[in-house]
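Reading through the structure tokens given below for one structure.
Here the structure is a predicted model, which is why all the values come from computation and not from measurement. So you know, we letter chains A, B, ... as the sequences are listed, proteins then strands, and number each from 1.
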2 protein chains.
Amino acid sequence: MPHEPADLDTVLGKAVTILRAFTVDDQVLSLAELVRRTGLPKATVHRVAGDLVTNRLLDRTNLGYRLSGGLFELGMRASVERSLLELAMPFLQDLYERTHETVHLGVREGHDVVYVAKIGGHRQAKTPSRPGGRMPVHCTAIGKILLAFSDPEVQQEVLSSPLERRTPHTIVAAGLLERQLNAALENGVAFEREESAVGLQCVAAPVLAEGGDRALAAISVTGPVGRFRPEAHVTLVRAAAQGLSSLASRRRSLSS
Amino acid sequence: MPHEPADLDTVLGKAVTILRAFTVDDQVLSLAELVRRTGLPKATVHRVAGDLVTNRLLDRTNLGYRLSGGLFELGMRASVERSLLELAMPFLQDLYERTHETVHLGVREGHDVVYVAKIGGHRQAKTPSRPGGRMPVHCTAIGKILLAFSDPEVQQEVLSSPLERRTPHTIVAAGLLERQLNAALENGVAFEREESAVGLQCVAAPVLAEGGDRALAAISVTGPVGRFRPEAHVTLVRAAAQGLSSLASRRRSLSS
DNA sequence: GATCACCGTACCGGTCAGCGGGACGCTGGG
DNA sequence: CCCAGCGTCCCGCTGACCGGTACGGTGATC
């Protein structure tokens with residue numbers, strides 16, 4: 001389940017429900033739309049949204065409400081993502097410069113991967129991912145490598161839940177997926193071939209925690225079928241991920 | 001004023017007060033520390049922080065509280081910053097690849113510049129800026145160019161307020177600053193020479209709104225005195241900023 | 001230009017979520 | 001041993017929050 005109900009009997013619960021009603025590609029939502037999405041009474045949304053505006057978490061435009069810059073600031077202070085991002089940037093940078101293909105950094109959250117960074121040039125392949133966005137673990141290279149280097153129980157959790165089909169190539173058979181995960185664990189790389197979007201392929205390698213058997217995050221390179229062969233970039237991606245791993249384990253940035 | 005009091009007689013106000021108690025380089029704050037910073041009663045902080053945890057805006061660790069990954073996700077959905085970032089990345093990317101110096105993207109908020117993106121390699125100069133962080137407008141190249149392309153009233157507002165001295169080179173005389181702003185407006189570039197941090201220099205150019213007389217954002221290149229001469233990069237920075245300007249004005253991403 | 005659907009805004013009295021002073025147990029340092 | 005500082009919990013008071021309802025504006029449809 002994406003995220004549980006969030007207590008609607010409390011102001012705070014209503015507030016975050018409203019905030020979370022915005023998806024990655026909503027620019028601005030009208031009051032009515034917020035009412036529709038949240039299921040809250042109109043008067044309530046009106047009031048709470050107003051409070052959110054005075055508290056600078058929302059902006060008011062003549063078209064409706066929109067997540068504010070203050071929220072962006074706050075989000076960038078989230079310790080784990082922030083320090084991961086700062087450590088990772090130089091590596092992602094290098095990787096991009098050597099490949100000139102789209103480079104991703106992501107972490108796992110439940111059954112999804114959350115993208116922490118995405119860098120690409122003017123001619124980048126049109127990927128469905130966005131920084132701060134989510135994708136199901138089972139249909140992306142990043143997701144697979146993260147899952148391969150997760151606790152067996154969460155791995156099993158995902159394998160035993162229904163696997164949404166995103167494209168004709170999406171792997172929906174748990175058995176096949178499990179074999180790929182084992183291979184990924186063995187090789188330290190995972191692949192994706194048009195499983196999240198038609199026309200795209202991807203390689204990913206894990207950023208490992210101290211012990212070396214759990215992934216903190218993962219790095220990937222994505223490109224269009226045709227000019228791009230995932231196998232050709234295995235070494236580079238792996239090198240970047242390993243470099244970051246060893247740098248990260250020399251710092252504190254983990255735990256729960 | 002950075003941000004006004006935020007109504008403390010409301011749950012929401014207390015909640016954001018607690019969230020904003022975290023600065024860019026706080027990893028984790030104890031309950032007691034939060035009490036100290038917010039001035040709220042201990043019992044209240046304890047309860048509200050608890051609520052924030054159940055609503056996934058804070059994480060609980062054995063050392064204290066910390067801004068959660070959910071908050072990061074939310075922040076990345078802030079429309080203005082997000083779309084700006086997406087449009088800008090390829091340009092920042094190019095700029096970095098041609099200079100191999102630290103590249104920034106920033107917007108103005110009140111008397112501060114807020115950094116939206118920062119990219120640099122392994123050998124980057126050690127800058128005080130961080131993505132999501134703030135710096136005073138008057139002591140950075142980005143800040144100066146943003147101010148030069150702002151409404152005259154806000155420009156005057158800043159000029160007539162006390163200018164904090166950050167380094168021995170920080171410009172604290174309003175007259176001198178004003179002359180630099182005029183020059184910046186004329187040339188479409190601003191410079192900074194060790195005014196925010198000793199040993200660093202910087203060039204910045206504006207990302208202009210449709211009309212061409214107001215800046216939406218600004219791009220800069222920063223490097224260490226010695227190997228780095230700001231003048232040498234004027235053309236590149238300006239080109240990147242102009243490219244982004246024309247791209248941005250072909251989209252909707254402005255207003256208040 | 002009348003009707004209607006849908007929007008954003010405003011009102012207002014009942015009630016329960018939120019409040020915070022204070023007490024408690026734990027820990028570590030002097 | 002004591003004390004300072006921490007996190008947690010209790011509990012009765014009260015005003016912040018609630019949301020049904022009503023109102024004015026705006027655009028499409030006939």
Separation of atom [atom1] in [X] from atom [atom2] in [N], rounded to whole Å:
X: A:I18; N: D:dG19; atom1: CD1; atom2: P; value: 11 Å
X: A:L8; N: D:dG19; atom1: CG; atom2: C1'; value: 14 Å
X: B:D51; N: C:dG18; atom1: CG; atom2: C1'; value: 9 Å
X: B:N55; N: C:dG18; atom1: CG; atom2: P; value: 10 Å
X: B:L12; N: D:dC18; atom1: CG; atom2: P; value: 10 Å

Quick one: closest heavy-atom pair of [X] and [Y], and the distance?
X: A:D112; Y: A:P136; value: OD1-CA, 3.7 Å
X: A:R20; Y: B:R56; value: NH2-CB, 3.5 Å
X: B:D59; Y: B:G69; value: OD2-N, 4.3 Å

Looking only at side-chain atoms of [X], point me to the closest of [options].
X: A:V11; options: C:dA10, D:dC9, C:dG18; answer: C:dG18
X: A:T44; options: C:dC19, D:dC18, D:dC9; answer: D:dC18
X: A:L31; options: D:dC18, C:dT9, D:dC9; answer: C:dT9

Sugar-phosphate, base or nothing in reach of A:A32, heavy atoms under 4.0 Å: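 Sugar-phosphate: the residue A:A32, judged by heavy atoms under 4.0 Å, touches backbone atoms but no base.
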Sugar-phosphate only, base, or nothing, as touched by B:T10 at under 4.0 Å among non-hydrogen atoms: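 Contact class for B:T10: sugar-phosphate only.
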No-H, no-angle donor-acceptor pair, A:K42 side chain to D:dG19 base, under 3.5 Å: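 No such pair is found, so the answer is no.
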Residue met sooner reading DNA chain C from 5', once A:L63 and B:L40 are mapped to nucleotides: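 The answer here is A:L63.
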Row check, B:Y65 ring normal vs B:R60 NZ/CZ: under 6.0 Å, within 45°: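 Yes, B:R60 lies over the aromatic ring of B:Y65.
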Geometric cation-pi criterion, B:R82 with A:F72: 6.0 Å, 45°: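 Relative to the ring axis of A:F72, which defines the angle, B:R82 lies outside at least one limit.
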Looking at [X], does any N or O in its side chain come under 4.0 Å of the phosphate oxygens OP1/OP2 on [N]?
X: B:R36; N: D:dC6; answer: yes
X: A:R47; N: D:dC18; answer: yes
X: A:H46; N: C:dT9; answer: yes
X: B:R60; N: D:dT8; answer: yes

